[in-house]
Amino acid sequence: MAKWGEGDPRWIVEERADATNVNNWHWTERDATNWSSDKLKSLLLGVSVESEEGTCEVTEVSKLEGEASINNRKGKLIFFYEWNLKATWTGKSKSGIQYKGSIEVPNLSDENDMEDLDICVMLNKDEPETPLVNLMKTKGADKIREALGSYVGFLKTEFTQGMILPTANGVAKLQTTSQSTATKDKTQISSSSTTAAPNSINTGVKIPTCKFSMRETFLTSPADLYRVFLNQEMVQAFTHAPATVDGQRGGKFRLLGGNVFGEFTELVPDEKIVMRWRYNNWPCEHYATITLTLLDRSSETELKVECRGVPDSEEEQTKEGWKRYYFEAIRQTFGYGARLF
């Protein structure tokens, strides 16, 4: 399965220096290792998940090997971090039996996208088998990934305060190397903005976004089409790849080789699906809101897809991705005879 996009955009903080801020153009470095160690521990300890089988919680961070630093060169902040960490998790079944296991993340690094992290969850050798292991490997791993993503966001905002001197107009400009210059209606995500995209974690990065909608008809019932998006086996069928889909409100999904992932935030059976949705090369922790509305048109179903908070530079790629990897793939796999208009 081909990827929707390529590249690993690196976020930088860029600002102009006026004539008096000559020091702003020198190379400076700040060691973030001790701060990072404390921050990682605080974010990981207490991470917990629950299911009908019982509960699990990260109770100890037993190993944190690595380093982190930030360089300021000519007004740009360049981030370096590399960590190998181990933690302990404990579980308790509904019947009160306790279990203990380990978690290892060997490759938390600025060179790896957050979705490429290896999160290895194991049960201690002397423990009996338990379904809680699977809970930690799925929902637990997702929570740990979110916590580590938050660390990167805090590193780029909280720890960097004061590293760049004030600019001539007193405002620092944050952007990506591939930031679009399109003059569209924009949603900004920043610590001072009141128009942050819904459900996005605030990392202080301004992201120009857009909204658009698509419509398509499928020769099937709303109930059948609704199941296509929420049933793991059906998703794996039309994507022709392994997928993880927890088809309930608050459930997570990951498909297309991990290139697309998110969470179901609202479900109205056979009528509407709302998702926090992102592609893996989007800015860290930025999600679009995708709303699928299914309308019964007698012998067919009209699907309306509304997308909000999509990065400007990803608009066309996102449209083409939905047409190719959702609409066309569903039509070809299940024979619903989609008709685009």
Side-chain angles (χ1 to χ4, degrees), residues 1-4 49-54 56 115-116 118-121 129-143 145-146 214 216-280 287-296 299-305 307 318 320-340:
M1 181 69 66
K3 293 183 178 180
W4 286 24
V49 288
E50 183 176 1
S51 73
E52 60 183 13
E53 302 292 344
C56 297
E115 295 312 306
D116 294 329
D118 295 324
I119 300 178
C120 181
V121 176
E129 292 297 322
T130 171
L132 293 179
V133 177
N134 187 58
L135 175 63
M136 278 302 295
K137 286 184 176 180
T138 52
K139 293 184 179 180
D142 286 340
K143 283 281 192 76
R145 197 182 306 274
E146 290 177 7
M214 297 175 284
E216 187 159 341
T217 57
F218 294 83
L219 300 180
T220 188
S221 67
D224 286 344
L225 188 58
Y226 182 84
R227 283 195 295 271
V228 167
F229 290 97
L230 297 178
N231 181 278
Q232 180 168 300
E233 287 72 23
M234 298 182 80
V235 172
Q236 290 181 148
F238 77 75
T239 59
H240 306 288
T244 300
V245 181
D246 182 6
Q248 60 183 331
R249 182 176 180 180
K252 303 294 181 65
F253 58 85
R254 186 181 302 275
L255 53 148
L256 294 169
N259 289 316
V260 170
F261 55 95
E263 177 183 355
F264 298 111
T265 59
E266 182 183 352
L267 297 174
V268 180
D270 307 337
E271 295 182 11
K272 184 167 73 170
I273 300 171
V274 183
M275 300 176 274
R276 294 177 69 238
W277 186 100
R278 62 173 271 126
Y279 184 64
N280 71 350
Y287 288 80
T289 298
I290 308 292
T291 301
L292 309 181
T293 305
L294 294 78
L295 304 172
D296 191 350
S299 61
E300 62 188 23
T301 298
E302 178 183 338
L303 176 66
K304 181 180 179 182
V305 181
C307 305
T318 303
E320 291 304 312
W322 269 86
K323 291 176 183 178
R324 178 177 178 182
Y325 294 109
Y326 281 96
F327 304 153
E328 294 178 10
I330 290 172
R331 177 186 61 196
Q332 294 170 2
T333 302
F334 304 111
Y336 290 162
R339 182 169 64 254
L340 190 66

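Just so it is clear, the model here is predicted, and its values are computed rather than measured.
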Can you tell me if [X] uses its side chain to pair, donor with acceptor, with the backbone of [Y] under 3.5 Å?
{"X": "T265", "Y": "V274", "value": "yes"}
{"X": "T138", "Y": "L135", "value": "yes"}
{"X": "E263", "Y": "R276", "value": "no"}
{"X": "Q232", "Y": "V245", "value": "yes"}
{"X": "T301", "Y": "T220", "value": "yes"}

TODO: Please say whether more than 12 non-hydrogen atoms of neighbouring residues, nucleotides or ligands are located less than 6.0 Å from CD in E52.
DONE: no
Looking at every non-hydrogen atom in both residues, tell me the closest pair between [X] and [Y] and how far apart they are.
{"X": "Q236", "Y": "P242", "answer": "OE1-CA, 3.8 Å"}
{"X": "L294", "Y": "K272", "answer": "CD1-N, 4.3 Å"}
{"X": "M136", "Y": "C56", "answer": "SD-CB, 3.4 Å"}
{"X": "F229", "Y": "F264", "answer": "O-CZ, 3.8 Å"}

TODO: Specify whether F327 and W322 have parallel, tilted or perpendicular ring planes, treating 30° as the upper limit for parallel and 60° as the lower limit for perpendicular.
DONE: tilted
Task: Close side-chain approach of V305 and E216, heavy atoms under 4.5 Å - done: no
